[in-house]
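First comes the structure, then the notes that go with it.
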Amino acid sequence: MVVAQLGVAVLVSHGGSNFRALHEASLVPGAGFAVSFAVSNNSGSQALAYARERGIPSRHLSSRTHGSVDELDAVLLGELTDRGVGLVVTAGYMKKVGPRTLAAYEGRIINVHPSLLPRHGGQGMYGMAVHEAVLASGDQVTGPSVHHVTAEYDTGPVIARQEVPVLPDDTAESLAARVLAAEHRLLPEVVARIARGD
Ligand SMILES: Nc1nc2c(c(=O)[nH]1)N[C@@H](CN(C=O)c1ccc(C(=O)N[C@@H](CCC(=O)O)C(=O)O)cc1)CN2
Ligand SMILES: NCC(=O)N[C@@H]1O[C@H](COP(=O)([O-])[O-])[C@@H](O)[C@H]1O
């Protein structure tokens, strides 16, 4: 019996290590999902290069390809629906997902954020800024969160979190590396659970 696989689209801006981790997890027999489409707002992103190398359909969609965020939103939604995407994952995607896509994929767009939401989220909270904020706050624990994507940055219901320690000699870079390694475990676990219907 052929079991339908969940088609997953990943939106990425830069390195794409979470995208790679998700793709690798999808190749495990019985994963239940396939990374079927990649979108980046950065034509030079390593994520798009990886997608091309692995034969994953991909597209550069940004303010350079489309004049308005509204048009970008409509084009992205068209691509997702034409490809039968069942779940959208933003992973290191630095732009806001627009209202059309949010409405059509309500409950089916998730994001990985590098802190224990609701702490250290929101506008401006991306990349190293998040880890710098954690260190500045004196938090003894941090870690990634996977949450539903809603209109405002990082305010959607949290699906899962993974705590990692903040060590006394941590720098933002050492903390980022520890959190990123936890993301590479957490995000594929959450997507596999969604694919199973858990
Ligand atoms: N509608 C939504 N879109 C996105 C969400 C979300 O929760 N709702 N999450 C982000 C990912 N993210 C944190 O996990 C995030 C990304 C970027 C920013 C941010 O402040 N961006 C800057 C622009 C940065 C740039 O252009 O490089 C900004 O908007 O001023 C905050 C949080 C993915 N999309
Ligand atoms: N608020 C958004 C944000 O900061 N996202 C973070 O960007 C990094 C992307 O790495 P990757 O491109 O190697 O997956 C990840 O740490 C992700 O949590």
Side-chain angles (χ1 to χ4, degrees), residues 8-25 35 38-51 56 58 60-65 69-70 72-73 76-77 80 87-135 142-164 172-191:
V8 177
V10 187
L11 279 56
V12 201
S13 290
H14 302 295
S17 69
N18 274 289
F19 165 47
R20 294 197 302 273
L22 209 45
H23 178 241
E24 287 161 12
V35 175
V39 173
S40 182
N41 62 300
N42 173 3
S43 61
S45 67
Q46 292 169 277
L48 287 183
Y50 178 86
I56 300 168
S58 62
H60 167 219
L61 291 177
S62 73
S63 56
R64 285 170 47 198
T65 58
V69 289
D70 192 48
L72 204 55
D73 184 23
L76 172 62
L77 178 56
L80 296 171
L87 178 71
V88 180
V89 178
T90 55
Y93 185 63
M94 297 296 127
K95 298 299 184 184
K96 194 162 275 189
V97 176
R100 282 185 175 82
T101 304
L102 288 173
Y105 275 85
E106 186 175 3
R108 298 188 293 155
I109 312 180
I110 65 173
N111 176 61
V112 60
H113 177 79
S115 73
L116 298 175
L117 291 174
R119 292 182 67 75
H120 312 301
Q123 179 124 29
M125 281 290 110
Y126 57 91
M128 281 299 163
V130 176
H131 306 296
E132 287 161 359
V134 169
L135 291 174
T142 188
S145 303
V146 177
H147 64 96
H148 286 286
V149 171
T150 52
E152 296 310 319
Y153 284 137
D154 307 328
T155 56
V158 174
I159 300 166
R161 305 192 312 178
Q162 172 64 56
E163 291 191 355
V164 301
E173 289 70 20
S174 62
L175 198 50
R178 190 173 311 119
V179 172
L180 192 61
E183 292 177 41
H184 294 166
R185 295 188 295 271
L186 184 66
L187 183 60
E189 281 171 12
V190 169
V191 172

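Just follow the structure's listing: the first ligand is 1, and inside any ligand the first atom is 1. Everything quoted here is computed from the prediction, not taken from an experiment.
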Original post:
Which protein non-hydrogen atom lies closest to atom 5 (C) of ligand 1, naming both residue and atom, and how far is it?
Top reply: Tyr153 CD2, 3.5 Å

Subject >> Heteroatom distance test (Tyr93, ligand 2): nitrogen or oxygen, under 3.5 angstrom >> reply: no

Original post:
Is Gly122 in contact with ligand 1, taking contact as a heavy-atom separation below 4.0 Å?
Top reply: yes

Subject >> Heavy-atom proximity to atom 6 (C) of ligand 2, best of Pro114, Ala182, Gly121, Gly15 >> reply: Pro114

**OP:** For atom 17 (C) of ligand 1, grab the closest protein heavy atom and report residue, atom and distance to one decimal in Å.
**Re:** Met94 O, 3.4 Å

**OP:** May I ask you to check if ligand 2 and Met125 share an N or O to N or O distance below 3.5 Å?
**Re:** yes

Subject >> Leu117 backbone acceptor or donor facing Arg161 side chain under 3.5 Å >> reply: yes

Subject >> Proximity of Met125 to ligand 1 by residue part, where a heavy atom lies under 4.0 Å >> reply: backbone

Original post:
So is there a nitrogen or oxygen of Tyr126 less than 3.5 Å from a nitrogen or oxygen in ligand 1?
Top reply: no

Original post:
Atoms of ligand 1 less than 4.0 Å from Gly124 heavy atoms?
Top reply: 19 (C), 20 (O)

Original post:
What are the atoms of ligand 2, with element, lying closer than 4.0 Å to any heavy atom of Leu180?
Top reply: 15 (C), 16 (O)

Subject >> Under 4.0 Å to a heavy atom of Tyr93 - the qualifying atoms of ligand 1, by number >> reply: 10 (C), 11 (C), 16 (C), 33 (C)

**OP:** Number the atoms of ligand 1 from 1 as they appear, then name those within less than 4.0 Å of a heavy atom of His147, with their elements.
**Re:** 7 (O)

Original post:
What is the closest protein heavy atom to atom 34 (N) of ligand 1, and at what distance does it sit?
Top reply: Lys95 O, 2.8 Å

Subject >> Heavy atom of the protein closest to atom 28 (C) of ligand 1 (residue, atom name, distance) >> reply: Gln123 NE2, 3.2 Å

Original post:
What is the closest protein heavy atom to atom 3 (N) of ligand 1, and at what distance does it sit?
Top reply: Val97 N, 2.9 Å

**OP:** Any atoms of ligand 1 less than 4.0 Å from a non-hydrogen atom of His113? List them with their elements.
**Re:** 13 (C), 14 (O)

Original post:
Between Thr142 and Ser115, is there a donor-acceptor pair closer than 3.5 Å when you use the side chain of the first and the backbone of the second?
Top reply: no

Original post:
Considering distance alone, does some N or O of Gly16 sit under 3.5 Å from an N or O of ligand 2?
Top reply: yes

**OP:** Check ligand 1 against Lys96 and write out every atom of the ligand that is under 4.0 Å from a heavy-atom position of the residue.
**Re:** 1 (N), 2 (C), 3 (N), 34 (N)

Original post:
ligand 2 and Gly127, any nitrogen or oxygen pair closer than 3.5 angstrom?
Top reply: yes

**OP:** Using distance alone, determine whether Glu183 and ligand 2 share an N or O pair under 3.5 Å.
**Re:** yes

Original post:
What residue and atom, counting heavy atoms only, is the protein's closest point to atom 8 (C) of ligand 2, and at what distance?
Top reply: Gly92 CA, 4.3 Å

Subject >> Polar side-chain atom of Asp73 near backbone of Arg100 as donor-acceptor pair, under 3.5 Å >> reply: yes

**OP:** Determine, step by step, whether Ser13 and Asn41 satisfy the side chain to side chain donor-acceptor pair (under 3.5 Å) criterion, reporting the C-alpha distance in whole Å, the side-chain angles of both residues, the deciding distance to 0.1 Å, and the verdict.
**Re:** CA-CA 6 Å; Ser13 290; Asn41 62 300; 2.6 Å; yes

Original post:
How far is atom 13 (O) of ligand 2 from its nearest protein heavy atom, and which residue and atom name does that atom have?
Top reply: Ser17 OG, 2.5 Å

Original post:
Which residue holds the protein heavy atom closest to atom 7 (O) of ligand 1, what is that atom called, and what is the gap in Å?
Top reply: Asp154 N, 2.8 Å

Subject >> Asp154, any N or O under 3.5 Å of ligand 2 N or O >> reply: no

Subject >> Nitrogen or oxygen of His14 less than 3.5 angstrom from that of ligand 2 >> reply: no

Original post:
What atoms in ligand 1 come closer than 4.0 Å to a heavy atom of Ala151?
Top reply: 1 (N)

Original post:
Among protein heavy atoms, which sits nearest to atom 8 (N) of ligand 1, and what does the distance come to when rounded to 0.1 Å?
Top reply: Thr150 O, 2.8 Å

Original post:
Can you tell which part of Asn111 has a heavy atom less than 4.0 Å from ligand 1: side chain, backbone, both or neither?
Top reply: side chain

